[in-house]
Amino acid sequence: MKKVSISFTLNGNSVTAEVPETWTLLKTLREYFELTGAKEGCGVGECGACTVIMDGQAINSCLCPIPEVEGRSVDTIEGLAGEDGTLHPLQDAFLKNNGVQCGYCTSGMIMSSKALLDQKPDPTEEEIRTAIAGNFCRCTGYVQIVESVEMAAKELK
Amino acid sequence: MIDYDYLRPDNLEEALRLLKEYGPKAAIIAGGTDVMVKIRNTRKAPEVLVSIRGLNDLRYIDKAGDYRIGALTTHRMLEESDLVKTELSALYDGASKVGSVQVRNVATIGGNICNAAPSADTAGPLLVLDAVVFMEGPDGKRSVPITEFFTGTYRTVLKREEVLTEIRIPGEMEEFGSAYWKHSRRKAMNLPILGIAVSVKMDDQIISDVRIGLTVAAPTPVRAYKAEDFLKGRPLSDEALSEAGRIAASTECCSLRDSLRGEAWYRAEIIETYVPRMARLAAERISKRRSK
């Protein structure tokens, strides 16, 4: 299988991945960079557990062929906390509001929410619900998740 | 084992050359939200994927006489465009209901219609906006009205060596109000049980012109011509709209089927209910825009 060399910015650092051409961004993150925050839930863009931010936009990394990442900027849940371990306000709010139950959807939820807050610092509840409509929480803890995003928005202001 | 070569031309000429060179071995990929899913689900891939995502010249929404939308325009760009929301409202309704934000950020309007699912959410709106589809291939450019673009379920007139480049909507459509209803069980991440698009041109309280588009009502998205003919020249009244809904739901306009998502009788009731509602919404929108 043909390998490709893909250079991009990952959580602020310049990186190069040497991976098979048919790998997705998700597989590259998990198996080449060993960043396992983004999860594979469905693998077909329905569940949002693999959500990362590419050039400012939330995307399903499971549907993104790795060659499309050349020259782009990718942010994952691993890049959110400060270098000293200080949590991002979204991470903090999810902890304080029990926005996390089993945790499988959490990194995707937080990345979708971050993409929203980066564009709209003061979202309505409906805008929050639209932003995370592609992130399934099968523990169904949506109320606390929405409250977490609202709290983080206030904190970030 | 899934294996393919992934080629990324950065201009249309190069893309067309690659499609010609690899012929039946190649397939086009744009946003990838259909192609990648199909590869994963079927465990089969074409030998060569020609990615047109780098053809940035095909990503635009503008109005210069006609409305012009580049094939690689994402659903998210359509959703966030004020021009689309106010003047091509049905297209806003459709594009903003596709999948999720993550999907809309990459999925393209060209891909939505080239995939040609009977449920495509931009197809109904494009039908009632008189869209014309532009394609380019080794023999040059050509265009067809959207009514002739779909030839069957997941089938279109686009040839293997062609790339869909632009969707054009005649400038005269600015005189129409339009609306699209995606009928589904959930608000997001769902395919429609039925889609109903209506555009109307009003002369005071009289419907002077109208288009009705239905999706998941036949093997391809269809116009309900008989219902349109009935409505033209009639007032925007409950009686006229109900009758138009009945005609649209009949075998004169569509061929409803029982499927996993809904039964034919239910789909007929949805058409009867939502043709009038979308016609009223479309009329309301154009009158609001006119009064500004």
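Below, each value reflects all heavy atoms present in this structure, side chains not excepted, and no hydrogens, waters or symmetry copies. Residue numbers start from 1 in every chain, and the chains themselves are labelled A, B, ... in the order their sequence lines are given, proteins ahead of strands.
With a threshold of 4.5 angstrom between heavy atoms, B:Val103 approaches chain A through its backbone and through its side chain. Proximity to chain A is absent for every atom of B:Leu49, based on heavy atoms less than 4.5 angstrom apart. Contact annotation for A:Ser112: only side-chain heavy atoms (C-beta onward) come within less than 4.5 Å of a heavy atom of chain B. For A:Cys47, no part lies under 4.5 angstrom from a heavy atom of chain B. Heavy atoms closer than 4.5 Å to chain A are found in the side chain of B:Asn41, but not in its backbone.
Between chain A and the options B:Thr33, B:Val35, B:Asn105, heavy-atom pairs under 4.5 Å are most frequent for B:Asn105. Between chain B and the residues A:Met54, A:Lys2, A:Glu68, A:Glu46, the most heavy-atom pairs under 4.5 angstrom are made by A:Glu68. Listed options A:Ala133, A:Pro65, A:Pro20, A:Ala131 were ranked by heavy-atom pairs under 4.5 angstrom with chain B; first place goes to A:Pro65. Chain A forms more heavy-atom pairs under 4.5 Å with one residue of B:Ile29, B:Asp5, B:Ile39, B:Ile2 than with any other, namely B:Asp5.
B:Lys38 is not listed as a side-chain neighbour of B:Lys44, based on a closest heavy-atom distance of 4.5 Å or more.
Residues B:Tyr60 and B:Glu166 have side chains that bring a donor and an acceptor to within less than 3.5 angstrom of each other. For the residue pair A:Glu21 / B:Tyr4, no side-chain donor-acceptor distance below 3.5 Å is found, with atom types taken as modelled.
Here B:Tyr92 and B:His75 keep their ring centres 6.0 angstrom or further from each other.
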Inset, instruction - Kindly determine whether B:Gln102 and A:Asn135 satisfy side-chain hydrogen bond (donor to acceptor under 3.5 Å, both in side chains), including the steps that lead there. - result: CA-CA 9 Å; B:Gln102 293 97 311; A:Asn135 295 83; 3.0 Å; yes

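Annotation for B:Thr108 and B:Gly31: closest pair CG2-N, 4.2 Å, computed over non-hydrogen atoms.
Aromatic ring pairs are classed by plane angle as parallel below 30°, tilted from 30° to 60° and perpendicular above 60°; the pair B:Trp181 and B:Tyr274 is parallel.
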